[in-house]
Trainee: 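Structure provided below as structure tokens; questions to follow.
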Amino acid sequence: MNIVVCVKYVPDATGDRHFEDDKTVDRVGVDGLLSELDEYAVEQALQIKEKADDPESVEVTALTVGPEQAVDAVRKALQMGADKGVHVLDDAIAGSDAIATSLVLAKAVEKVGSTDLVVCGMSSTDGSMSVVPAMLAERLELPQVTLASVIETQGDQVRIKRDSDSATDVIGATMPLVLSVTDQSGEARYPSFKGIMAAKKKPLDTLSLSDLGVEADQVGLSVAWTEVQETTERPPRTQGEIVTDEDGSGAKALTDFLASKKFI
Amino acid sequence: MSEILVLIDHAEGAVKKPTYELLTLARRLGEPSAVFIGPADKASEATEKVKKYGAEKVYVVDDSEIKGYLVAPKAEVLQQLVEKASPDAVLIPSSFEGKEIAGRLAIKIESGLITDAVDVEEGPVTTQSVFAGNYTVKAKVTKGTPVITVKPNSATPEEAEGAAAVEEFAASISDAAKGAKVVASQPRKSTGRPELTDAAIVVSGGRGTGGEFGAIEEFADALGAAVGASRAAVDSGWIPHSFQIGQTGKTVSPQLYIANGISGAIQHRAGMQTSKTIVAVNKDEEAPIFELVDFGVVGDLHKVLPAATEQINERKG
Ligand SMILES: Cc1cc2nc3c(=O)[nH]c(=O)nc-3n(C[C@H](O)[C@H](O)[C@H](O)COP(=O)(O)OP(=O)(O)OC[C@H]3O[C@@H](n4cnc5c(N)ncnc54)[C@H](O)[C@@H]3O)c2cc1C
Ligand SMILES: Nc1ncnc2c1ncn2[C@@H]1O[C@H](COP(=O)(O)O)[C@@H](O)[C@H]1O
């Protein structure tokens with residue numbers, strides 16, 4: 001069985017994130033890391049491998065599309081236990097939106113070949129559109145089972161549990177398919193020292209767009225199907241009144257505030 | 001005027017509030033055509049509702065054949081409607097499901113997609129709030145038929161009588177779209193409180209509740225509010241994940257958000273920072289949540305909330 005997990009390199013959420021002059025997200029000037037939400041995807045891919053009848057026959061490939069430093073995201077996945085890595089790196093990709101990114105990811109998944117399972121995180125911690133998995137499924141013409149909190153596989157059968165707005169659903173599908181997992185699916189493992197050493201010897205391919213048969217003019221900022229016209233930094237919220245509760249004064253002040261705003 | 005397709009958000013025919021918000025926004029762009037994908041016998045009920053908010057047309061798509069097959073068939077339905085009606089835009093509610101439908105649709109019709117809009121004006125030009133609400137972005141789709149998902153509470157629903165001419169639409173659904181199916185479903189018990197994403201007031205609790213959500217619930221009920229939670233409260237098993245607010249939970253934008261025993265981590269802020277008025281009760285005066293608030297109480301929520309609940313109930317008489 002072949003599993004591809006899509007991992008994204010994102011600016012550290014605790015750092016300062018901002019827009020560059022061309023209105024794209026600054027992914028260079030800020031320290032980055034493997035999106036924490038994609039660690040859950042790597043974890044689930046590894047668990048599926050470990051639980052398989054013959055784990056040796058399951059190959060987990062970590063795939064990223066992004067700038068030079070994005071290779072760190074793949075490395076982290078290799079350290080956690082993925083078998084090989086693929087980094088699609090091409091200057092033309094800069095500024096790509098979800099539509100273009102999903103195209104490159106789809107071509108890369110096809111390049112890896114005979115993939116049974118594509119595993120994604122629930123959303124990027126930076127862009128956070130949560131649409132790449134669905135777009136990838138559309139492009140690969142595969143079923144999607146997304147936002148899984150519990151994942152079970154048996155042969156080529158996949159069952160997941162997910163919380164929808166009004167119910168908890170169990171969804172079933174047959175591989176090949178695209179799966180996305182939530183942060184409820186279980187803590188991701190830390191790379192062990194052994195894992196870190198082993199990762200150095202694992203194959204890591206860097207592919208360009210031409211390796212994938214994607215034309216430079218199909219991706220990037222200039223062909224984005226949407227255009228940012230204006231970005232405005234929100235003025236920081238000005239702090240309002242803060243009172244300290246003493247012998248019940250807090251409750252009264254709170255009630256007075258709510259009443260003054262007509263919430264009562 | 002051109003049609004604007006609006007996908008109706010409903011549960012078994014009961015139309016949800018975001019639909020009216022979308023119809024209100026759609027009227028700024030053209031003539032709203034509501035799309036009902038659901039049980040045929042509930043179509044007239046839904047039609048009555050959307051008529052009041054300006055739907056000129058209602059496409060009724062019987063879902064008996066595609067029920068349980070999640071998003072892929074719905075994307076095919078919308079694709080076929082786009083081909084038939086050549087609308088100027090497609091508006092879809094910004095739920096997780098809505099975004100997935102929109103993602104698949106955008107690829108199918110080779111059109112640009114904008115997700116999580118908080119406003120849509122003529123153009124259509126959308127407004128989004130990004131980076132945990134720190135930036136506001138105005139954007140436009142430059143290719144194809146704009147597909148836009150709109151967050152709940154983005155507009156105040158305005159009534160306007162529409163013609164609501166019903167047109168039954170028989171979509172042809174491919175077998176490929178039926179690859180994933182709901183095999184079991186456990187409906188969540190209704191709490192009797194407003195739905196989190198479209199409530200006017202949200203009262204939420206975090207680790208600081210120590211697992212005592214009773215005080216949060218009673219306070220919420222006094223205000224007629226929905227109840228929410230931080231991930232720490234969810235991870236502790238105190239409240240189901242469906243109540244989580246933040247980056248990996250729900251995004252809310254109510255008139256009033258009251259955070260209790262919540263520190264205000266960036267991932268939590270991502271889900272509530274655009275609330276109109278923010279209030280916090282926290283015993284630590286250094287808690288980052290206080291940076292955001294219009295009003296804050298430094299104190300023990302177990303003391304402040306029950307007393308406030310009592311006073312509110314008294315005032316209401
Ligand atoms: C990828 C990722 C995604 C995440 N997604 C989310 C998300 O969607 N939503 C989310 O909420 N978090 C999310 N988190 C977690 C987030 O980083 C915080 O850990 C979490 O929000 C903390 O919850 P909390 O504020 O309840 O707990 P804490 O940070 O522990 O804060 C508890 C607060 O309660 C106060 N307190 C304690 N006792 C009392 C009392 N008696 N009365 C009053 N105040 C009291 C304390 O002073 C403290 O400020 C995510 C994290 C990651 C890495
Ligand atoms: N550039 C990328 N490289 C690899 N995987 C990605 C990339 N962008 C998105 N993904 C995958 O798609 C998921 C959802 O991303 P998004 O739709 O951007 O919120 C992520 O959790 C990743 O698994």
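Atom set for the values below is all heavy atoms of this structure, side chains included, hydrogens, waters and symmetry mates excluded. Per chain, numbering begins at 1; letters A, B, ... match sequence-line order.
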Trainee: For Ala106(B) and Met135(A), work out which heavy atoms get closest and say how close.
Mentor: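 Nearest pair, atom of Ala106(B) first, then Met135(A): CB-CE, 4.5 Å.
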Trainee: Of all the heavy-atom pairs spanning Ala224(A) and Thr142(B), show the shortest one and how long it is.
Mentor: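 Closest pair (atom of Ala224(A), atom of Thr142(B), distance): O-OG1, 3.3 Å.
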Trainee: Less than 4.5 Å to any heavy atom of chain B: does that hold for the side chain of Gln144(A), its backbone, both, or neither?
Mentor: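 Both parts, heavy atoms under 4.5 Å.
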Trainee: Does any backbone or side-chain atom of Thr174(A) lie under 4.5 Å from a heavy atom of chain B? Answer side chain, backbone, both or neither.
Mentor: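 For Thr174(A), backbone heavy atoms alone lie under 4.5 Å from chain B.
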Trainee: Where on Phe263(A) is there a heavy atom nearer than 4.5 Å to chain B: the side chain, the backbone, both, or neither?
Mentor: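 Contact with chain B involves both backbone and side-chain atoms of Phe263(A).
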Trainee: Looking at Leu258(A), Leu177(A), Thr182(A), which one has more heavy-atom pairs under 4.5 Å with chain B than the rest?
Mentor: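 Top count of heavy-atom pairs under 4.5 Å with chain B: Leu258(A).
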Trainee: Measure distances from Asp247(A) to the heavy atoms of chain B and classify the residue's part below 4.5 Å as side chain, backbone, both or neither.
Mentor: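 Neither part; nothing is under 4.5 Å.
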Trainee: Heavy-atom pairs under 4.5 Å with chain A: which of His241(B), Lys303(B), Glu291(B), Lys250(B) has the most?
Mentor: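 Ranked by contacts with chain A, first place is His241(B).
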Trainee: Using non-hydrogen atoms only, which part of Ala180(B) is less than 4.5 Å away from chain A: side chain, backbone, both, or neither?
Mentor: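 When you check distances to chain A, atoms from both the backbone and side chain of Ala180(B) fall under 4.5 Å.
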Trainee: So which heavy atom on Ser130(A) is nearest to which on Phe96(B), and how close?
Mentor: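 That closest heavy-atom pairing would be OG-CE2, 4.0 Å.
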Trainee: Can you give me the closest heavy-atom contact between Ser102(A) and Ile107(B), atom names plus distance?
Mentor: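 Shortest heavy-atom contact: OG-CD1, 3.9 Å.
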Trainee: Can Ser242(B) and Asp163(A) be counted as having a side-chain donor-acceptor contact under 3.5 angstrom?
Mentor: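 Short answer, no.
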Trainee: By a 4.5 Å heavy-atom criterion (distance strictly below it), what part of Ile201(B) contacts chain A: side chain, backbone, both, or neither?
Mentor: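 For Ile201(B), side-chain heavy atoms alone lie under 4.5 Å from chain A.
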Trainee: At a heavy-atom separation under 4.5 Å, does Glu110(B) approach chain A through its side chain, its backbone, both, or neither?
Mentor: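 Both parts, backbone and side chain.
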Trainee: Is Glu141(A) in contact with chain B via its backbone, its side chain, both, or neither, using a 4.5 Å heavy-atom distance?
Mentor: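 Contact with chain B: none, neither part.
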Trainee: Heavy-atom distance under 4.5 Å to chain B: side chain of Met122(A), backbone, both or neither?
Mentor: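 Contact with chain B is through the side chain of Met122(A) alone.
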Trainee: Check each atom of Leu105(B) against the heavy atoms of chain A and say whether the ones under 4.5 Å are side chain, backbone, both or neither.
Mentor: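 No part of Leu105(B) comes within 4.5 Å of chain A.
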Trainee: Which bit of Ala184(B) is near chain A, if near means a heavy-atom gap under 4.5 Å: side chain, backbone, both or neither?
Mentor: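 When you check distances to chain A, atoms from both the backbone and side chain of Ala184(B) fall under 4.5 Å.
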Trainee: If you count heavy-atom pairs under 4.5 Å between each of Glu246(A), Gln184(A), Lys252(A) and chain B, which one has the most?
Mentor: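 The answer is Gln184(A).
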Trainee: Using a strict cut-off of less than 4.0 Å between a Lys/Arg side-chain nitrogen and an Asp/Glu carboxylate oxygen, indicate whether Arg104(B) and Glu138(A) qualify as a salt bridge.
Mentor: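 Looking at Arg104(B) and Glu138(A), the cut-off is met.
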Trainee: Tell me, side chain or backbone of Val279(B) under 4.5 Å from chain A's heavy atoms, or both, or neither?
Mentor: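 Just its side chain gets close to chain A.
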Trainee: Answer with side chain, backbone, both or neither: which region of Gln244(B) has an atom nearer than 4.5 Å to a non-hydrogen atom of chain A?
Mentor: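 Side chain only.
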Trainee: Taking the side chain as everything from C-beta on, heavy atoms only, tell me whether Gln311(B) gets closer than 4.5 Å to Ile264(A).
Mentor: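 A side-chain contact is absent here, since even the closest heavy-atom pair is not under 4.5 Å.
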Trainee: Under a 4.5 Å heavy-atom cut-off, does chain B meet the side chain of Ser249(A), its backbone, both or neither?
Mentor: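 Neither part.
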Trainee: Which one, Thr255(A), Thr244(A), Val158(A), Leu103(A), leads in non-hydrogen pairs under 4.5 Å with chain B?
Mentor: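 Most heavy-atom pairs under 4.5 Å with chain B: Thr255(A).
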Trainee: At a heavy-atom separation under 4.5 Å, does Ile258(B) approach chain A through its side chain, its backbone, both, or neither?
Mentor: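 The side chain, not the backbone.
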Trainee: Quick check: closest heavy atoms across Arg188(B) and Ala167(A), and the distance to 0.1 Å?
Mentor: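 That closest heavy-atom pairing would be NH2-O, 3.0 Å.
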Trainee: Hey, does Thr136(B) have a side-chain heavy atom less than 4.5 Å from the side chain of Thr231(A)?
Mentor: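 Contact flag for Thr231(A)/Thr136(B) side chains = no.
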Trainee: Exactly one of Val297(B), Leu301(B), Val281(B), Val298(B) should register a side-chain contact (heavy atoms from CB on, under 4.5 Å) with Asp245(A). Which one does?
Mentor: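 Going through the options one by one, the only one that passes is Val297(B).
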Trainee: Heavy-atom distance under 4.5 Å to chain A: side chain of Phe243(B), backbone, both or neither?
Mentor: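 Neither part.
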Trainee: Measure distances from Ala98(A) to the heavy atoms of chain B and classify the residue's part below 4.5 Å as side chain, backbone, both or neither.
Mentor: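 The answer is neither part of Ala98(A).
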Trainee: Just give me the residue among Ile160(A), Thr146(A), Leu142(A), Val145(A) that pairs up with chain B most often, heavy atom to heavy atom, under 4.5 Å.
Mentor: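 Top count of heavy-atom pairs under 4.5 Å with chain B: Thr146(A).
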Trainee: Please assess Thr226(A) against Lys140(B) for the test side chain to side chain contact (heavy atoms under 4.5 Å, CB included), listing each intermediate value before the final yes or no.
Mentor: CA-CA 6 Å; Thr226(A) 53; Lys140(B) 212 176 138 92; over 6 Å; no
Trainee: Between Phe257(A) and Thr277(B), is there a side-chain heavy-atom distance shorter than 4.5 Å?
Mentor: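 Thr277(B) reaches Phe257(A) side chain to side chain.
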Trainee: Counting only non-hydrogen atoms closer than 4.5 Å, does Leu254(A) touch chain B with its backbone (N, CA, C, O), its side chain (CB onward), both, or neither?
Mentor: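 Looking at Leu254(A), backbone and side chain both touch chain B.
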